[in-house]
Amino acid sequence: TIAVTAVLAAGLLATPAAAFDARKPADVLAVLQTNGASGELKVDDKGAPWIKGLVGKLIFEVNFLKCDSAKSACELVVYQLGWDDDDLVNAEQINLWNRNAYLCPAYLNKDNHPYAWYALRASVNDRREDVVAHQKEWLTCVADFDDFTSAPDTYFKAQ
């Protein structure tokens, strides 16, 4: 009995912790919380997971699309940020932003409010370090887009 118990206990101790999976919203949130931002995992009215993120004073969302039936693993991860202020930037300025921001395109919504986004296809093969790198790119985009929308002409002169 002691030998069997010892073998079972050794097997439990040898069992690796759950592997990181870039398709899982909880794993993406865990990385985000160690990557200079904070966030909270939420569920929309259709049961789809999303993250309400915060970096500095800026709020952003991380949406998960094309999820499995349990909505625990998703194929697409879309980071997005926008403002509901009027007259921050115009279409010409957004076009100029898009010609210079390859990984973080922006658009004006139907109310002419600026939004930026960063989308990627998540894979079970993505390492934690890959997600860290994507999030750093996104958080840089957030800061740049904030500077851009605060003073578009000044932003481009500084580039």
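Quick caveat, the model's predicted, so the values are computed rather than measured.
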Side-chain donor/acceptor pairs under 3.5 Å, residues 144-156, sequence neighbours excluded:
| from | atom 1 | to | atom 2 | distance (Å) |
| --- | --- | --- | --- | --- |
| Thr149 | OG1 | Phe145 | O | 3.0 |
| Thr149 | OG1 | Asp146 | O | 3.2 |
| Ser150 | OG | Asp146 | O | 2.8 |

* For the pair Phe60 and Leu139, evaluate side chain to side chain contact (heavy atoms under 4.5 Å, CB included) and give the outcome as yes or no after the intermediate values. => CA-CA 10 Å; Phe60 62 91; Leu139 295 173; 4.2 Å; yes
Membership question, hydrophobic clusters at under 4.5 Å side-chain separation (ILVMFWY): are [Y] and [X] in the same one?
{"X": "Val89", "Y": "Leu58", "answer": "yes"}
{"X": "Leu96", "Y": "Trp83", "answer": "yes"}
{"X": "Ile94", "Y": "Leu81", "answer": "yes"}
{"X": "Leu88", "Y": "Leu108", "answer": "yes"}
{"X": "Val62", "Y": "Leu29", "answer": "yes"}

[Y] and [X], any side-chain heavy atoms less than 4.5 Å apart:
{"X": "Gln159", "Y": "Asn100", "value": "no"}
{"X": "Lys66", "Y": "Cys74", "value": "no"}
{"X": "Ile51", "Y": "Glu40", "value": "no"}
{"X": "Val31", "Y": "Phe20", "value": "yes"}

* Roughly how far apart are His113 NE2 and Asp84 CG, rounded to 0.5 Å? ->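 Going from the NE2 atom of His113 to the CG atom of Asp84 covers 5.5 Å.
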So, for [X] and [Y], which heavy atoms are closest and what is the spacing to 0.1 Å?
{"X": "Cys67", "Y": "Phe64", "answer": "SG-O, 3.7 Å"}
{"X": "Ala122", "Y": "Ala22", "answer": "CB-O, 3.5 Å"}
{"X": "Arg23", "Y": "Asp21", "answer": "NH2-OD2, 2.7 Å"}
{"X": "Ala116", "Y": "Trp138", "answer": "O-CH2, 3.8 Å"}
{"X": "Leu41", "Y": "Pro25", "answer": "CD1-CB, 3.7 Å"}

* Asked: Do Arg121 and Glu75 sit within salt-bridge range, that is, some charged N less than 4.0 Å from a carboxylate O?
  ->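 The answer is yes: the pair qualifies as a salt bridge.
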* To do: Answer yes when Asp44 and Lys46 have at least one side-chain N-carboxylate O distance shorter than 4.0 Å, and no when they do not.
  =>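 Salt bridge absent between Asp44 and Lys46.
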* Mark yes when over 12 heavy atoms from residues, nucleotides or ligands other than Asp111 sit less than 6.0 Å from its CG; otherwise mark no. =>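 More than 12 heavy atoms, drawn from other residues, nucleotides or ligands, come within 6.0 Å of this atom.
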Listing, residues 125-135 side-chain donor-acceptor contacts under 3.5 Å, not counting sequence neighbours, or none:
| from | atom 1 | to | atom 2 | distance (Å) |
| --- | --- | --- | --- | --- |
| Asp126 | OD2 | Ser123 | N | 3.0 |
| Arg127 | NH2 | Asp130 | OD1 | 3.0 |
| Asp130 | OD2 | Arg127 | N | 2.7 |
| His134 | ND1 | Tyr118 | OH | 2.8 |
| Gln135 | OE1 | Leu32 | N | 3.1 |
| Gln135 | OE1 | Asn35 | ND2 | 3.3 |
| Gln135 | NE2 | Val28 | O | 3.2 |
| Gln135 | NE2 | Tyr79 | OH | 3.2 |

* Asked: For Val78 and Leu65, what are the C-alpha separation, side-chain angles and deciding distance, and is it a side chain to side chain contact (heavy atoms under 4.5 Å, CB included)?
  -> CA-CA 8 Å; Val78 181; Leu65 308 170; 3.9 Å; yes
